[in-house]
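Contents: one structure, followed by commentary.
Below, chains carry the letters A, B, ... as their sequence lines are ordered, and counting in each starts from 1.
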Amino acid sequence: MKTPKTGFLASCLAFLRDPFRMFGVVSFVLLLLLTIAPAKDYFSQWHGYQRQYLRFISHRTDALTLQRHFHGGIQQIWIPQMSVVDRCQTCHVGLTETSLADVQQQPFRAHPRIPHKLTEFGCVICHRGQGAATTVGQAHHSEMAGEEPILPARYMESSCGQCHQGPLEGTPKLNQGRLMLARYGCVNCHSIVLPDGTKLQATDNPPPLTHIADKTTREWIYAWLKDPTSYSASATMPNFKLSDADASDISAFLIANSTPNPGDTMPMPAAAVHGPAPDPTAGASLYGESFCASCHATQNAAGNLVGGNLGPELTNVGTKVRPEWLTAWMRNPQHYDPSTLMPQYRWTDAQLKLITAFVQSKTNPDLLANVHLSPSTPAQIAHGKKLVIEYGCASCHQIRGIDKPDNFGPNLSRIGSKPVVQLVFLPGMERTLPAYLTQKISHPRSFGPSLHMPKYNFTPAQVEAVVTALLPLTDRSFELPLNLQRPAVQETHYEPTDKAGQLMTQLNCLSCHRINGRGGDMAPDLSWEGSSVQRPWLDAFLKNPNTLRPALIRRMPRFNLTDAERTILTDYILAVYQTPAFQRDELPLTGYSPDQVEKGRQLFYSKYACQSCHIVNPNQDKGYIGPTLTQVGSRLTAAWIYHYLKNPQALRPGTMEPNQHISDDDARSLTAFLMAQKSGASQAARK
Amino acid sequence: MKITPRNLDFHLRAARRTAAQLGILLAALSATLLSVGCMHRQSAAPALHAKATGSAIVIVSGDRQLGSPGSLLPQSLVLQVNDDQGNAVPGAVLQLAGPAGVTIRPAQALTDDNGQVTVRLTLGGISGLYPFTATSPDAHGKTVSLLIPEYAAGYQQQVGFQVNATYCSRCHDSNSTVEQVSNYDNLAVKPHAFTSGDIYNKLSHADLSNIIAHGGVAVNRSALMPAYGWTLSKPEIEAVISYIRLISDPPYRAPGLVYDKQ
């Protein structure tokens, strides 16, 4: 039986029996097969973009140049050191064409300027995505294991952080996020180890709770635990979303667990108690003179926080602390908390009474008005202890009888490479790592009410900064070859020694000043102070600090040092804090010829126009951004002035004084002029 | 034409063709309607009914902020609708629009009791100037509008901003705050704010880098402008120029570039 089909086949076979015909057909089929690859290539997405690009530039005035720069075909960058294969510039054709900087049409826009060469560096190191892919979908949006989608622009700064562990000038958000990880104590629970092996250290300085009953009441602890921001808007402690009962139990435990420590509390000094009641304006002015606001903020009438954030906010502090504790604290804060940043002010008894009364008067009666706790029971205390362990309170605070837990929260050292498939998303959430982190930080309990991660009072911009600081913690950052790693400059463990060292520890100089790579940044670096100042000036300054820069609001407080103490400090500073760059007595302090002084004066006022920022003659000069120089000849050494003029940044890195490339001769004349500006010199001599 | 059995086939085919054409037409029509409907639903939040109208929009705070591309601006934009006498108008409708890629929350609102609206802005993903427009209907059926510039700064411009904040703004910015006291008033020759596009846009890249690197004296200007060529690196000078270009008002347009119509 023959169907028509087999008939057709048979006739085909018959047709092909001729070898010439067979050859013809086979070659035709082969040819067809051979065209598949070029055709696929021709119709590929990237080819489409390249054709579109050529059409796009053909209408431009700079078409010829652009066409000359254009290379067709797949463009690949290979960085074996970082195991990166990058073909992005196959479609992003105009990436390095400066004239396409303002083009809105993607993928043709030029890349904005960055400190790396695009043609060597490629795209995926910063933008993530799959470099080897040649379609938009695969390159930008993959969610598969081992692949990562493109990083949204708002987290771009995070990519710099994979190699650069220190702050960069152009990445404010990353820098802010990193500071926040330390300042808000994230790293107390989540350890973050950087590729160079250093562990990120917290800077939040949480107080020990061992003697907390000396300091405050159970009611305050309860209110604070319920919502730290109700007490202080700038609280760094997060909200653990505790139930009333849990907060009450924890407060009961903390009070019961606290041991009294003799010296943590003290009555008002007898002399002060029997005197007249403290005058509130005198208290306020002592608070001002002592520059408490350099570190502590208070809320003003308009509700804005005014002051520094090195210490806790003091708006409602009177509602928190016991007066006996406050007096003792003001006398010697290191007794209660040896690691405090607060200096020992050495106030007299009368001053102590004034300042304590003033600080104690900052109250908010509403805060505790509705807190009524029944006396605690042993069961409550036991439950409170269980909760304290459960919530990891000891990760930050020192608590008697509870050890600091190791790795209380998950380790975040490689969080930036966490594959999306390993994350749990809530319904409706965008399925990306940044979205996950954002949700986790801003609404930690939305992933489950029994989780322990607390909620911080962050603005959306702050959350964005923290996420930006977490994303660079990637596998890549650990696999970088050493020559590409840029570790952060680590804080040293510098400690001043001897008697002066003890004194400086009491005064906590390093809370504000930096010395030999350790310390705060509020006040000048003192590492080379001994090369720069004259002894009588330093002694007088320590006795009664005045400001050199009229425009500054933060100033050095007065510490009521004795003569002997001042001598110890002055000797130590002048002998030890020396720059290796020059000898402090290399140039004479006096004896410059009037001609040279006059020449310096002219250079000062005309060639270098120093008066735009400095005042030498108060009757005529107005600039007050730089230090006042009216008595500079009695303050600084001539050698310091000379070398500072030659290269300010070498002696004070980051100073705003520009390096004017002053010749040796000019610098010497300017030094002569400035050294003639002595204290007590007559107005005529000053001119 | 009469339909006969002989030309029936032809008529049927014609009818089928017209039906098909009609079908396509209908499909196209419904598709357009659908898409219009969708777009309508997307753009039109429930229309707000103005309880009052004003005659001017003023910025209370939050304009001219500098943010990273794609990010939320740190401060909210606060706008106020005023009447002829300059008094705040509560209950007026205020709408905000911006260039592609931005998010505006809310894009439309009624002014509160103080006549103000607070808006959170997220910039688009590429660096540059982001002009937002606020509009509000006035009493005469017209609209009043106001342009609000915000800036997305890429790496280079962020560096420039930093350089400016460290070295330049004390003299070039006359705004004085407690934290950053300005030196502007103390200068015998007054420098221009970097936003003054009518001054800086006339200066070429070479002019700018020359005066920054070599100081006012080198170009026969006042010595009060110091030379920064030994303090700042070349990339830092480039960076501060790119920052000056970014914030310039009117916007800077480099010569020889072809600009997209926005």
Quick one, B/Gln158 with A/Thr171, criterion side-chain hydrogen bond (donor to acceptor under 3.5 Å, both in side chains). Give me CA distance, side-chain angles, the key distance, then yes/no.
CA-CA 7 Å; B/Gln158 289 282 12; A/Thr171 58; over 6 Å; no
Test log, rule side chain to side chain contact (heavy atoms under 4.5 Å, CB included), inputs B/Gln156 and A/Ile114:
CA-CA 6 Å; B/Gln156 199 188 21; A/Ile114 53 165; over 6 Å; no
Give the minimum heavy-atom separation between [X] and [Y], together with the two atoms involved.
{"X": "A/Ser612", "Y": "B/Leu224", "answer": "CB-CD2, 3.5 Å"}
{"X": "B/Asn183", "Y": "A/Ile625", "answer": "CB-CG1, 3.2 Å"}
{"X": "B/Ser71", "Y": "A/Glu464", "answer": "CB-OE1, 2.8 Å"}
{"X": "A/Ala609", "Y": "B/Ala223", "answer": "CB-O, 3.4 Å"}
{"X": "B/Thr166", "Y": "A/Gly654", "answer": "CG2-O, 4.2 Å"}

Are [X] and [Y] packed together at the side-chain level, in the sense that at least one heavy-atom pair is separated by less than 4.5 angstrom?
{"X": "A/Glu169", "Y": "B/Val163", "value": "yes"}
{"X": "A/Arg109", "Y": "B/Ile126", "value": "yes"}
{"X": "A/Glu157", "Y": "B/Ser68", "value": "yes"}

Below 4.5 Å from any heavy atom of chain B, which atoms of [X] appear? Answer side chain, backbone, both or neither.
{"X": "A/Gln660", "value": "both"}
{"X": "A/Pro152", "value": "neither"}
{"X": "A/Thr468", "value": "neither"}
{"X": "A/Pro112", "value": "side chain"}

Can you say whether B/Ser182 sits under 4.5 Å from chain A via the side chain, the backbone, both, or neither, judging by heavy atoms?
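For B/Ser182, the contact with chain A is made by the backbone alone.
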Is B/Leu187 close to chain A through its backbone or its side chain, or both, or neither, when contacts mean heavy atoms under 4.5 Å?
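Side chain only.
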For the candidates A/Ala461, A/Ser606, A/Pro115, A/Pro648, which exhibits the highest count of non-hydrogen atom pairs separated by less than 4.5 Å from chain B?
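Looking at each of A/Ala461, A/Ser606, A/Pro115, A/Pro648 in turn, A/Pro115 comes out on top.
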Against chain A, work out which of B/Ser176, B/Pro74, B/Ser127 has the most heavy-atom pairs shorter than 4.5 Å and name it.
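Looking at each option in turn, the highest pair count goes to B/Ser127.
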Could you have a look at B/Gly154, B/Pro69, B/Gly125 and say which one has the most heavy-atom pairs with chain A under 4.5 angstrom?
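Option with the greatest count: B/Pro69.
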Would one find more than 12 heavy atoms of other residues, nucleotides or ligands at under 6.0 Å from atom [atom1] of [X]?
{"X": "B/Asn87", "atom1": "CG", "result": "yes"}
{"X": "A/Asp521", "atom1": "CG", "result": "no"}
{"X": "B/Arg105", "atom1": "CZ", "result": "no"}

How many angstroms lie between atom CG of A/Asn175 and atom CD of B/Gln162, to the nearest 0.5 angstrom?
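Answer for the CG-CD pair, A/Asn175 versus B/Gln162, is 8.5 Å.
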To the nearest 0.5 angstrom, please state how far the OH atom of B/Tyr155 sits from the NE2 atom of A/His116.
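Rounded to the nearest 0.5 Å, the OH-NE2 separation comes to 7.5 Å.
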Quick one: does any side-chain atom of B/Asn186 pair with a main-chain N or O of A/Cys613 as donor and acceptor, under 3.5 Å?
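No.
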Give the interface residues of residues 225-247 of chain B toward chain A, defined by a heavy-atom separation under 4.5 Å.
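Answer by number: B/Pro226, B/Ala227, B/Tyr228, B/Trp230, B/Thr231, B/Glu236, B/Glu238.
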